[in-house]
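Structure first, commentary second.
The structure presented is a predicted model; accordingly, all values stated were derived computationally and were not measured.
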There are 2 protein chains.
Amino acid sequence: MIKKKKDIRREFIIGEAAKLFKQKGYGGTSMRDLAEQVGLDAASMYHYIKSKDEILQGICFDIANTYVSQLTEIENATQSYSQKLKALVRLHIHLMTTKGPEVSVANNEWKSLSADALTEFKSLRSQYEKRLAALIEAGAEAGEFQQVNTSVALFTLLSAIRWVELWWKPDRGIATEELENSILTILFQGLERK
Amino acid sequence: MIKKKKDIRREFIIGEAAKLFKQKGYGGTSMRDLAEQVGLDAASMYHYIKSKDEILQGICFDIANTYVSQLTEIENATQSYSQKLKALVRLHIHLMTTKGPEVSVANNEWKSLSADALTEFKSLRSQYEKRLAALIEAGAEAGEFQQVNTSVALFTLLSAIRWVELWWKPDRGIATEELENSILTILFQGLERK
DNA sequence: TAAAAATTCAAACGAACATTTGATTTATTT
DNA sequence: AAATAAATCAAATGTTCGTTTGAATTTTTA
């Protein structure tokens, strides 16, 4: 028996929690709301999870770890910096279209983490940003990028794709491939026609 | 007497509320937190404001109206579409550096508006986006922009600058002028060097 | 300076919250 | 079928929330 029924239930609860947290925020979602969503009494959920905060931690750190391991892979690949950066942006977009609610929560609700978790989460994010900034810096020195402030470039890239998590739906009539290509065109070639 | 002392106090309370809402979220900020911040007992604040929700409404609609009137001005100006779009992006950035907390709240906490206000706010935002999309569409038809999906271009532009509201501080060592120029370079010329 | 108005807060309200307890029901194992 | 374990929930705990009340204090007005 690889996965226990209890674990499956637990993961289901966390998944439903991600949807609700995205929809109404962490503070705006009560354990009773969540219980109703999963079809249990609030008290019963505590058979599967330890606390509301533990759920949020699960979501946030799962996403954070995914981002970090993806970045590591890209760092170790042999490509131009431009290709690396584009690949990373693609991965960000892809994660949003496949794990929308979780990414949304990790991006917007991490402030509600308990003190300890909050510290660690911020540290993880800060490390991630530093490594990404190094990639941009190296690319700029290699002459592949425009000469703009590294922080500005870093945050503009990361921020530019954040809307996808709110907007994209499978039935929106735009394939993820086209979505990625359009965004990459704007960010790397510019919106203005030359 | 143009402005009553009571109004000034009221505006001070709302301003402090914006800072706290940005910092801890609307749901995460209690009226007792806010009272402490402004140096009053929670009960005393109700002499100046009607409810917590009214504060949030004040902040959100003030910002929304600012955006709308700025867009109207730009629509009526005689410039190329590219210049219009750039001017609008500059105004967005500028508003974030001058009214950071309020913009942050209008962008992130509007979900907590009461049902009626929520409906109106969403409607305002939707109208704004439609008018902005029309600008992009027209510019694309005039051959000024790359041929990318209009919605993608719209949201990518609006989203790309959202980080400024979280990151920018007067003491960050980057002038708003340089900030605006760097962002405009990336968005309109592209990060990649040609 | 006396009357009126504006401002403050101590105390309390009912509602909603996350979580615990302890008992009961259901499923699994022997 | 008996014994054991897993799953469920009714009820209650203590806390925090937004807001109201009513009385006290301070400021302004006459």
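- Here dT21(D) presents its C1' atom at 13 Å from CG of Asp41(B), a figure rounded to the nearest Å.
- Here dA6(D) presents its C1' atom at 14 Å from CG of Asp7(A), a figure rounded to the nearest Å.
- In this structure, the NZ atom of Lys6(A) is 9 Å from the C1' atom of dA7(D), given to the nearest Å.
- Both cation-pi conditions hold for Lys52(B) and Tyr26(B): the charged atom is under 6.0 angstrom from the six-membered ring centre and inside a 45 degree cone around its axis.
- Here dC17(D) presents its C1' atom at 14 Å from CG of Leu34(B), a figure rounded to the nearest Å.
- Listed here is the closest heavy atom pair of Arg90(A) and Glu180(A): NH1-OE1, 3.0 Å.
- The Ala43(A) side chain lies nearest to dT20(C) when the options are dC9(C), dT20(C), dT7(C).
- Scanning atom types as modelled, one donor and one acceptor separated by under 3.5 angstrom connect the side chain of Arg32(A) and the base of dA18(C).
- In terms of phosphate contacts, His47(A) brings no side-chain nitrogen or oxygen within less than 4.0 Å of OP1 or OP2 of dT8(D).
- Not one side-chain nitrogen or oxygen of Tyr46(A) sits closer than 4.0 Å to the OP1 or OP2 atom of dA7(D).
- The nearest pair of heavy atoms linking Phe145(A) to Ile136(A) is CD1-O, 3.6 Å.
- Within the 4.0 Å cut-off from OP1 or OP2 of dA7(D), not a single side-chain nitrogen or oxygen of Ser44(A) is found.
- Among the heavy atoms of the strands lying under 4.0 Å from Ser30(B) are primed sugar atoms or P, OP1, OP2 only; no base atom is included.
- Using a 4.0 Å cut-off, some side-chain N or O of Lys5(A) falls inside it from OP1 or OP2 of dT28(C).
- The nearest whole Å value for the distance from the CE atom in Met31(A) to the P atom in dT16(D) is 18 Å.
- No more than 12 heavy atoms of other residues, nucleotides or ligands sit less than 6.0 Å from atom CZ of Arg193(A).
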Worksheet item: Can you check side-chain contact (heavy atoms from CB on, under 4.5 Å) on Gln57(B) and Glu54(B), steps first, answer last?
Response: CA-CA 5 Å; Gln57(B) 282 188 40; Glu54(B) 189 209 36; 5.5 Å; no
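- Going from atom CG of Asp33(A) over to atom C1' of dA16(C) covers 11 Å, rounded to whole Å.
- Between the CG atom of Leu40(A) and the C1' atom of dT25(C) there is a distance of 14 Å, rounded to whole Å.
- Look at CG on Leu56(A): it is 17 Å from P on dC17(C), rounded to the nearest Å.
- Arg9(B) has a side-chain polar atom (N or O) that falls below the 4.0 Å cut-off from OP1 or OP2 of dT8(C).
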